[in-house]
S.K.: 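I have a structure I would like to understand better, so I am pasting it below and will then ask my questions one at a time.
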Amino acid sequence: MKVTIVGAGNVGATCADVISYRGIASEVVLLDIKEGFAEGKAMDIMQCATNTGFNTKVIGVTNDYSKTANSDVVVITSGIPRKPGMTREELIGINAGIVKTVAENILVHSPNTIVVVVSNPMDTMTYLALKSTGLPKNRIIGMGGALDSSRFRYYLSQALDKPSNDVSAMVIGGHGDTTMIPLTRLASYNGIPVSEFLSQEALEKVAASTMVGGATLTGLLGTSAWYAPGASVAYLVDSILNDQKKMIACSVFLEGEYGQNDICIGVPCIIGKNGVEQIVDITLNDAEKALFAKSADAVRNMNADLKSVLA
Ligand SMILES: NC(=O)c1ccc[n+]([C@@H]2O[C@H](COP(=O)([O-])OP(=O)(O)OC[C@H]3O[C@@H](n4cnc5c(N)ncnc54)[C@H](O)[C@@H]3O)[C@@H](O)[C@H]2O)c1
Ligand SMILES: O=C(O)C[C@H](O)C(=O)O
């Protein structure tokens, strides 16, 4: 199975590294616009093969889309990341043009591929990729919820002082500092509601930390995070390539689900070889429904800024 990752920067290269190390794909193509950069990243990753024992073939190319031909999955991480103090939404001006061009180039050589959009503002970039390429909605998947949910599980595990893998929890809504919706009511520690162990105040603190999880790391690192983002993309790609049918929160095009239309936003999805195989339309309570509607309004407002790019 072949995966192309466009953007060999922090997230793209980490994703290539995790995919190779875990043997998720037989071939990974890293593509970047910076001369020699993807080639260097690919060579560095390939020189891990004998010490970590993987057989994936990783190649790097400078803007040569012919080498991406017949990819089963293409991941778009090209674009600029935010700096401390910025929101993801502020990246739209530069990233929209990049994502649109990249999505079009990809499809020339891989018309049947499934596209995973990572570049920010991710929900809006996913909508842009869908609208500009006209691909069926099951083949355009925005990655954000997998990452936000892993951060939610991390913060819950810290509050519980128990392992993250014993915690089950999901974040839906937009992938933004104010639009994420950590589903605290449904979070559990080994099947037991977390409210059995944590006070309302502690749970609110966990939800708040989750929502600004990306901003916290950006403040600490000076640029946005990459280890958990790269691993989250690899997790999603694994579910596609190996038809795992995992339920993962992804930004997908809604047509009536969750009371929304004509928007890409995070909801639970079954992810398999056909991409988005099912949108899981769970029953939210009134407070959660109100948060989802507010989140969708904010995402829709951002989409309105795409008019000139989509014209
Ligand atoms: N959705 C998420 O959960 C999530 C998580 C982390 C980062 N991100 C976003 O992913 C993007 C990448 O983040 P990063 O930390 O890897 O940034 P980075 O700067 O390390 O890497 C971006 C790479 O894209 C390349 N690039 C730019 N224009 C290109 C083009 N037209 N074609 C090919 N390559 C091009 C750059 O040369 C650079 O190497 C940012 O927009 C960031 O906000 C999203
Ligand atoms: O925070 C960012 O800007 C990058 C990414 O969306 C993240 O959540 O880590």
Side-chain angles (χ1 to χ4, degrees), residues 4-17 29-42 60-65 67-68 74-106 115-126 128-129 141-152 154 171 173-180 209-236 248-251 264-266:
T4 285
I5 301 170
V6 183
N10 285 337
V11 178
T14 304
C15 177
D17 194 34
V29 178
L30 267 173
L31 183 148
D32 204 282
I33 201 167
K34 247 187 277 172
E35 188 70 43
F37 189 62
E39 288 84 339
K41 289 290 179 108
V61 294
T62 303
N63 231 19
D64 180 359
Y65 280 85
K67 296 290 193 307
T68 71
V74 175
V75 178
I76 305 180
T77 72
S78 46
I80 54 163
R82 64 174 157 169
K83 295 261 177 262
M86 289 173 74
T87 66
R88 296 175 180 87
E89 287 75 10
E90 288 174 65
L91 305 173
I92 189 171
I94 294 179
N95 287 355
I98 294 174
V99 169
K100 182 167 181 273
T101 309
V102 165
E104 287 164 358
N105 287 339
I106 282 163
V115 177
V116 175
V117 180
V118 181
S119 311
N120 274 315
M122 183 277 295
D123 300 290
T124 300
M125 294 303 102
T126 306
L128 169 64
I141 309 175
M143 195 300 292
L147 171 64
D148 302 332
S149 300
S150 69
R151 287 187 179 141
F152 189 22
Y154 162 80
V171 175
H175 179 62
D177 297 343
T178 57
T179 55
M180 278 178 217
S209 301
T210 301
M211 292 174 75
V212 295
T216 300
L217 286 163
T218 304
L220 292 167
L221 299 168
T223 184
S224 57
W226 57 90
Y227 292 115
S232 303
V233 180
Y235 179 77
L236 181 58
I248 304 174
C250 297
S251 185
C264 292
I265 190 167

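Please read these numbers as outputs of a predicted model, since none were measured by experiment. For ligands, and for the atoms within them, numbers begin at 1 and follow the listed sequence.
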S.K.: To check you understand the geometry: which heavy-atom pair defines the closest contact between T77 and G7, and what is its length?
M.R.: OG1-O, 2.9 Å

S.K.: Which one holds for N120 and ligand 2: side chain close, backbone close, both close, or neither close, with close meaning a heavy atom under 4.0 Å?
M.R.: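 The side chain, only.
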
S.K.: Within the 4.0 Å heavy-atom shell around G7, which atoms of ligand 1 are there?
M.R.: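 Result: 24 (O).
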
S.K.: What are the atoms of ligand 2, with element, lying closer than 4.0 Å to any heavy atom of R88?
M.R.: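 Those qualifying, in numeric order: 1 (O), 2 (C), 3 (O), 5 (C), 6 (O), 7 (C), 8 (O).
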
S.K.: Considering heavy atoms of the protein only, find what lies nearest to atom 14 (P) of ligand 1 and give residue, atom and distance to 0.1 Å.
M.R.: V11 CG2, 3.8 Å

S.K.: Number the atoms of ligand 2 from 1 as they appear, then name those within less than 4.0 Å of a heavy atom of H175, with their elements.
M.R.: 5 (C), 6 (O), 7 (C), 8 (O)

S.K.: Taking 4.0 Å as the limit for heavy-atom contacts, which would you say applies to S78 with ligand 1: side chain only, backbone only, both, or neither?
M.R.: both

S.K.: List the closest protein heavy-atom neighbour of atom 4 (C) of ligand 2: residue, atom name, distance to the nearest 0.1 Å.
M.R.: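 Protein heavy atom with the smallest distance to atom 4 (C) of ligand 2: S224 CB, 3.4 Å.
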
S.K.: Within less than 4.0 angstrom of ligand 1, does T223 place any heavy atom?
M.R.: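 Judged by the 4.0 Å heavy-atom criterion, T223 does not count as contacting ligand 1.
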
S.K.: Any N or O on D148 sitting closer than 3.5 Å to an N or O of ligand 2?
M.R.: no

S.K.: Go through the steps to decide whether E89 and T124 satisfy the test side-chain contact (heavy atoms from CB on, under 4.5 Å), and finish with yes or no.
M.R.: CA-CA 9 Å; E89 287 75 10; T124 300; over 6 Å; no

S.K.: Only heavy atoms of L147, strictly under 4.0 Å: list the atoms of ligand 2 that pass.
M.R.: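 Here the atoms of ligand 2 in question are 7 (C), 8 (O), 9 (O).
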
S.K.: Applying side chain to side chain contact (heavy atoms under 4.5 Å, CB included) between V61 and each of L31, D32, T4, L30, report the one that passes.
M.R.: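 Answer to the side chain to side chain contact (heavy atoms under 4.5 Å, CB included) test with V61 among L31, D32, T4, L30: L31.
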
S.K.: Of all heavy-atom pairs between V233 and C15, which one has the smallest distance, and what is that distance?
M.R.: CG1-SG, 3.5 Å

S.K.: Step by step, would you call R151 with L217 a side-chain contact (heavy atoms from CB on, under 4.5 Å)?
M.R.: CA-CA 11 Å; R151 287 187 179 141; L217 286 163; 3.6 Å; yes

S.K.: Just which atoms of ligand 1 are under 4.0 Å from any heavy atom in F37?
M.R.: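 Once the distances to F37 are compared, the set is 39 (O).
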
S.K.: How far is atom 37 (O) of ligand 1 from its nearest protein heavy atom, and which residue and atom is that?
M.R.: D32 OD1, 2.6 Å

S.K.: Take L236 and I141 through the test side-chain contact (heavy atoms from CB on, under 4.5 Å) and record every step on the way to the result.
M.R.: CA-CA 9 Å; L236 181 58; I141 309 175; 4.1 Å; yes

S.K.: Suppose I only count heavy atoms of I80 and a 4.0 Å limit; which atoms of ligand 1 are within that range?
M.R.: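 Answer for ligand 1: 40 (C), 41 (O), 43 (O).
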
S.K.: Taking all atoms of both residues into account, what is the closest heavy-atom pair of T218 and K83, and its distance?
M.R.: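 So the minimum-distance heavy-atom pair works out to CG2-C, 3.6 Å.
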
S.K.: Can you name the atoms of ligand 1, numbered from 1 with element, that are less than 4.0 Å from a heavy atom of L91?
M.R.: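 Near L91, meaning under 4.0 Å from one of its heavy atoms, ligand 1 has 43 (O).
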
S.K.: Locate the shortest heavy-atom distance separating A13 from A8; write the atom from each residue and the value.
M.R.: CB-O, 3.7 Å

S.K.: Can you tell me which residue and heavy atom of the protein come closest to atom 33 (C) of ligand 1, and the distance to 0.1 Å?
M.R.: I33 N, 3.5 Å

S.K.: As an exercise, identify every atom of ligand 1 less than 4.0 angstrom from a heavy atom of M122.
M.R.: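 It comes down to these atoms of ligand 1: 1 (N).
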
S.K.: Against ligand 1, does W226 come closer than 4.0 Å with any heavy atom?
M.R.: no

S.K.: How far is atom 42 (C) of ligand 1 from the closest protein heavy atom, and which atom is that?
M.R.: N120 ND2, 3.7 Å

S.K.: What closest approach, in Å, do C264 and S251 show between heavy atoms, and which atom pair accounts for it?
M.R.: C-OG, 3.3 Å

S.K.: Which of the atoms of ligand 1 are close to A225, meaning less than 4.0 Å from one of its heavy atoms?
M.R.: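 Near A225, meaning under 4.0 Å from one of its heavy atoms, ligand 1 has 6 (C).
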
S.K.: Please determine whether the number of non-hydrogen atoms from other residues, nucleotides or ligands lying under 6.0 Å from atom CD1 of I94 exceeds 12.
M.R.: no

S.K.: What protein heavy atom sits nearest atom 2 (C) of ligand 2, and how far away is it?
M.R.: R82 NE, 3.2 Å

S.K.: What do we get for R151 next to ligand 2 when only non-hydrogen atoms under 4.0 Å count, side chain, backbone, both or neither?
M.R.: side chain

S.K.: How far is atom 44 (C) of ligand 1 from its nearest protein heavy atom, and which residue and atom name does that atom have?
M.R.: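 Residue, atom and distance for the closest contact: V118 O, 2.9 Å.
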
S.K.: To which protein heavy atom is atom 22 (C) of ligand 1 closest, and what is the distance rounded to 0.1 Å?
M.R.: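 Here the closest protein heavy atom is G79 O, 3.2 Å.
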
S.K.: Begin with the C-alpha distance, continue with both residues' side-chain angles, and end with the deciding distance and a verdict on side-chain contact (heavy atoms from CB on, under 4.5 Å) for M125 and L91.
M.R.: CA-CA 10 Å; M125 294 303 102; L91 305 173; over 6 Å; no

S.K.: Which distance, rounded to the nearest 0.5 Å, do you find between the CG of D148 and the CE of M143?
M.R.: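 It comes to 8.0 Å.
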
S.K.: In terms of residue, atom name and distance, what is the protein heavy atom nearest to atom 17 (O) of ligand 1?
M.R.: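 Looking at atom 17 (O) of ligand 1, the protein heavy atom closest to it is P81 CG, 3.5 Å.
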
S.K.: For N95 and I80, indicate whether the former's side chain and the latter's backbone hold a donor-acceptor pair under 3.5 Å.
M.R.: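 The answer is yes, because a donor-acceptor pair under 3.5 Å joins these two groups.
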
S.K.: Need the ligand 1 atom indices (1-based, order shown) with element for anything under 4.0 Å from a heavy-atom of M143.
M.R.: 1 (N), 2 (C), 3 (O)

S.K.: Just jot down the ligand 1 atoms closer than 4.0 angstrom to any heavy atom of N95, in number order.
M.R.: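 So the answer, numbered in order with elements, is 41 (O).
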
S.K.: Name the one of V118, I106, T126, I98 that satisfies side chain to side chain contact (heavy atoms under 4.5 Å, CB included) with I76?
M.R.: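 Among V118, I106, T126, I98, the one meeting side chain to side chain contact (heavy atoms under 4.5 Å, CB included) with I76 is I106.
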
S.K.: State, yes or no, whether a side-chain contact exists between Y65 and V102 at a heavy-atom distance under 4.5 Å.
M.R.: yes

S.K.: Over all heavy atoms of both residues, which pair between V117 and A129 is shortest? Give the atoms and the distance, please.
M.R.: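 Distance-wise, the nearest heavy atoms are CG2-CB, 4.0 Å.
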
S.K.: Backbone or side chain, does any N or O of N10 fall under 3.5 Å from an N or O of ligand 1?
M.R.: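 N10 vs ligand 1: N/O contact under 3.5 Å present.
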
S.K.: May I ask you to identify the nearest protein heavy atom to atom 21 (O) of ligand 1, giving residue, atom name and distance to one decimal place in Å?
M.R.: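 The closest one turns out to be G9 CA, 3.3 Å.
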
